[in-house]
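For reference, the structure is listed below as structure tokens.
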Amino acid sequence: MNYGRILLPLGLLVLAGCQKNSLGEGSETMEAASACVGTVSKSTSDELTIVGESAADAGSAVSYSLNQAGHCINSQNVTWKAAGSNRLRTSATGATSVFKLAGSYVVTAQEKTSSSDAQVASITTTVVNQELEVAGPQAGFVYNPLRFELIVPSSIQVQAVAWDFGDGSAVATSSAVEHAFNKEGTYQMKITVTHADGKVSNLTHRVNVLMYMDGAACVEQLAISGASEAKVNIATAMHVFIPQCLVDKVGAIRWSFGDGGTAANQSVTHAYAAEGSYHVTATLYLGSSQEPWVTLNHDIRVIKDLVIDPEPEVPVDPMACTEQGAIRESQGEISSEEVACGLNGKKTVSYRERIKEECKLVVEKLTWVEVSRNKEVTNEGECLGQSCQLPDGSLLPDGGSKVMYSTSTPVNSCSDVSETRTCSNGVLSGSVSHTQIICHEGCGSFGSHGTVKVGVVTGEVKVPLQCSFGEEGFFDLYTEISDQTCTDGSIVSSNTRQGTMKEAGKCPVYKYVPTEEFTVCTADCGGKQNRIFICVDDKGTKVDNVRCADQVMPVEERLCDANPEAVRSQTSTTTLEEANSSSVCPANQIGVIVKTREVVTTKTFACIDHSVQLESEVAVPGAWVEEKYCRDYVARRCSQDSLSNTEAKGRYDWMVKCQDELPVIKEFLTNFADVKVSVGGKKVGLGSAGQELYATFMDRAYNPERPWIAPKKANAPCTMPSTAYVATVCVSSCATPEQQILAEDVVSKKLKYMSFIDTFTQQTAYVGTMQSADALNKNSVVKTKVDQWVSELVDGDHEILIFKMKSGRELRVTKNHPILDKDGSMKVAEEFKVGEALVQSGGTLDPIVSIDEINYFGKVYNVFVQSNAPHKNVVLINGYLNGSAFFQNAGAKEMNRTIFRNNMTRGVFGK
């Protein structure tokens with residue numbers, strides 16, 4: 001629920017008492033005549049009162065009427081005013097105002113009469129928009145209860161109100177409160193409002209509590225009338241309402257608008273240049289006193305987009321009158337002006353005007369006509385800004401400073417007798433003894449300004465001597481004397497002349513002296529040079545040697561090095577140091593592991609004892625690097641070192657003979673004496689009679705390494721490079737790496753065509769071969785276990801035959817590769833001719849349309865299976881029936897024999 005003064009359509013009606021003085025004319029005020037019901041004249045004891053609303057929402061109409069309880073004032077003799085309001089309309093029964101902006105407005109009704117005691121009734125209406133406001137007096141006497149209430153806009157719901165009066169007293173109530181202060185002073189009240197939604201608002205209200213003063217009972221009605229909202233750069237009007245009992249007591253008003261602006265009239269206007277909240281004060285002074293009496297407060301919110309929609313006043317003629325010859329007097333509000341005073345000073349003089357008017361007929365209309373106007377000074381401010389008159393008659397403005405002196409001719413510096421004197425409102429600060437405007441600096445011990453001395457020694461005079469070699473700068477020395485005068489701190493000399501001799505001069509004497517410099521050295525290392533001598537005078541100053549011509553120049557020689565760094569040099573040599581490795585190749589590999597390091601030897605030569613000698617020799621070994629030359633011990637086709645069985649046997653015998661002289665061979669024969677290699681399903685070893693297995697060598701001195709062809713006969717000399725080692729053992733092979741062979745996929749475990757390079761890399765376990773010797777007509781292929789995939793040790797040059805078939809397929813093999821012929825025999829590739837046919841899977845013959853020979857650099861591949869049966873050594877390459885490595889080794893005797901009994905005709909595998 002709401003508390004305090006809640007603004008409803010029917011606002012609280014308040015009766016306001018009569019005041020004994022008129023509200024002075026002010027900015028933004030409006031007035032109109034209000035008719036009075038009835039014609040009964042009032043007695044002098046009756047008070048004029050206003051019935052109206054003391055609180056309202058912004059934009060609502062507020063109605064006012066005079067007290068009509070049997071004592072009525074003639075409507076033609078009432079003037080309504082509302083300082084700062086938008087519009088005041090009058091009627092026969094009273095007045096209505098629409099306050100568009102929030103604020104606190106004092107509405108007055110003044111009796112129009114020729115009597116000097118015309119009554120003025122007033123009422124204060126607090127207008128709110130969206131903000132809470134505190135209504136109540138800003139001034140009161142000690143012990144006198146003052147009434148305060150909270151004005152709540154109709155849009156706000158209030159739950160609780162707490163009052164803190166600033167004097168140690170507090171109360172919690174939602175209604176209006178009364179409080180008496182027991183000590184004079186200025187109190188800052190704090191009002192805490194709790195909204196229905198829990199929000200808390202904090203308000204303040206300042207009260208001036210005064211000691212009681214006779215004839216000032218109406219002090220509680222002092223107020224600033226005007227809006228609490230304003231628009232940027234639009235002037236807003238404010239007015240200090242002075243009630244009847246204080247009109248003759250208040251002599252001056254000083255405004256401060258919160259943005260640096262000031263004013264001194266009772267009614268003022270002011271425009272703010274920027275948005276914000278500004279605290280306005282109006283300070284009142286009693287009579288001619290310069291001490292503040294009461295300060296009234298008024299807060300203004302300046303808004304950029306505030307909507308101001310002014311309405312014009314209803315035209316009313318305030319000068320109309322009804323009784324020709326009637327006289328009326330009125331007293332104006334406080335005004336101020338600046339007047340000159342003292343010496344260039346100014347003071348603010350506040351005054352009221354007393355105006356006397358007579359009702360006269362003007363152009364057939366009765367009108368009040370001014371017949372006299374007198375100014376009554378209410379307060380005369382202090383004379384400020386006065387200048388000071390200096391001893392020379394010049395003026396020093398207020399706030400200005402001037403350096404003045406106690407004497408115009410001090411012996412020493414003028415600063416010693418100076419003082420800065422400042423003009424402060426006509427009063428010159430500082431010592432009265434400092435009256436001199438101009439000062440002449442003194443010359444210290446010489447004397448003050450104007451002192452004169454004659455025959456003062458001021459310097460020396462040099463008379464040149466005549467020397468043997470025409471030397472200059474040698475003199476007889478005399479004194480110099482002058483007459484001197486102190487002028488403004490400087491000693492000025494005049495009548496300068498030569499005095500007595502001080503010192504006789506003499507010409508110089510010369511001789512040779514050694515220097516630290518020598519002639520140019522004759523060699524960078526081990527040269528000679530002479531010390532340089534120069535001729536000097538008796539002061540040690542170098543002169544031309546001609547002046548020592550009567551003397552013999554000394555000679556001094558020494559050994560030297562002109563540029564020892566020029567002969568400094570370095571030489572570096574790098575040697576490769578090799579050490580035996582304790583590591584050996586793994587058990588399933590052969591080769592060698594060596595440790596090597598580089599040793600850099602640096603010799604430095606320098607100039608030592610005037611000759612080039614060895615200065616230092618430093619050998620810096622690098623880190624040991626272990627290099628492995630190990631390969632799997634597998635049979636390979638070694639086209640770079642291809643041997644016959646006889647040559648292979650000769651190489652083995654050579655190795656056995658030389659093993660004691662060649663440690664690498666001995667190590668190999670010892671570690672691999674019992675090794676066996678499967679060749680065509682048969683296990684053979686090194687040196688086996690009639691077998692093809694033999695060792696081959698590589699030389700690691702090259703990068704990349706190269707084959708080293710070892711001797712093939714036992715009687716060859718036992719010599720070999722130190723960097724050669726046994727790399728592997730060799731057999732033969734024949735297919736290029738991209739050729740497709742039918743083999744088992746490692747994932748699906750099914751036969752499919754795969755490249756030789758893939759099967760070799762993955763070491764595929766099975767290949768597809770013929771099931772039996774008579775299976776050609778059954779189209780049957782089985783998995784046969786691989787014994788060994790073979791390739792070459794290094795890339796080499798090969799002669800490759802490219803078979804192009806009628807079907808569009810190709811087959812690329814070496815010349816000695818075994819291929820199944822149409823008659824069932826196995827032939828080497830180079831025996832086939834164009835027009836013949838190769839056998840496809842299923843027995844289909846595919847005629848040869850061309851055979852091209854190319855040179856191929858790389859490795860070739862083949863396979864051994866774990867069987868010596870001819871049909872088990874028939875594999876499928878690119879879809880054609882080919883022979884395994886078996887037919888090039890153990891099965892070579894099967895070449896060119898018909899190994900399949902059935903005729904090789906188209907469709908034979910399909911039967």
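Side chains are part of it too, since the values below use all heavy atoms of this structure and drop only hydrogens, waters and symmetry mates.
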Side-chain donor/acceptor of Arg421 to backbone N/O of Ser429, under 3.5 Å: yes

Main-chain N/O of Ser350 paired with Thr378 side-chain donor or acceptor, under 3.5 Å: yes

Any side-chain heavy-atom pair of Val250 and Ile334 under 4.5 Å: yes

Donor-acceptor contact below 3.5 Å, side chain Asn379 vs main chain Val349: no

Whether Gln266 side chain and Val240 backbone form a donor-acceptor pair below 3.5 Å: yes

Glu149 side-chain N/O to Ser175 backbone N/O, donor-acceptor pair under 3.5 Å: no

N/O donor-acceptor pair under 3.5 Å between Lys100 side chain and Ser60 backbone: no

Within residues 155-194 or reaching into it, pairs that qualify as ring-ring contact (aromatic ring centres under 6.0 Å, His included) - sequence neighbours excluded: Phe165-His179, His179-Phe181, Phe181-Tyr187

For Trp255, the option from Val268, Thr262, Asn265 that meets side chain to side chain contact (heavy atoms under 4.5 Å, CB included): Val268

Any donor-acceptor N or O pair under 3.5 Å, side chains Ser336, Thr348: no

Validation row: Phe141, Tyr212 side chains within 4.5 angstrom (heavy atoms): yes

Check: His239/Ser225 side-chain N/O donor and acceptor closer than 3.5 Å: no

Donor on one side chain, acceptor on other, Glu220 and Asn144, under 3.5 Å: yes

Heavy-atom check, side chain of Leu246 versus side chain of Val219, under 4.5 Å: yes

Under 3.5 Å side-chain donor-acceptor pair for Tyr64 and Thr125: yes

Heavy-atom side-chain contact between Trp80 and Ile50 under 4.5 Å: yes

Between Asp57 and Ser154, a side-chain donor and acceptor under 3.5 Å: yes

Heavy-atom check, side chain of Met238 versus side chain of Ser267, under 4.5 Å: no

Side chain to side chain, Thr192 and Leu203, heavy atoms closer than 4.5 Å: no

Glu370: side-chain hydrogen bond (donor to acceptor under 3.5 Å, both in side chains) partners, not counting sequence neighbours: Arg373

pair Gln290-Tyr285: side-chain heavy atoms closer than 4.5 Å: no

Donor-acceptor pair, side chain of His205 and main chain of Glu133, under 3.5 angstrom: no

Taking every non-hydrogen atom, the tightest pair across Arg301 and Ala102: NH2-CB, 4.4 Å

Expected output: side-chain Asn425 to main-chain Cys383 donor-acceptor under 3.5 Å: yes

Under 3.5 Å: donor-acceptor pair, side chain of Asn208, backbone of Thr295: yes

Donor-acceptor pair, side chain of Gln386 and main chain of Asn344, under 3.5 angstrom: no

His270: ring-ring contact (aromatic ring centres under 6.0 Å, His included) partners, not counting sequence neighbours: Phe257, Tyr272

Side-chain heavy-atom pair Glu229, Leu306 within 4.5 angstrom cut-off: yes

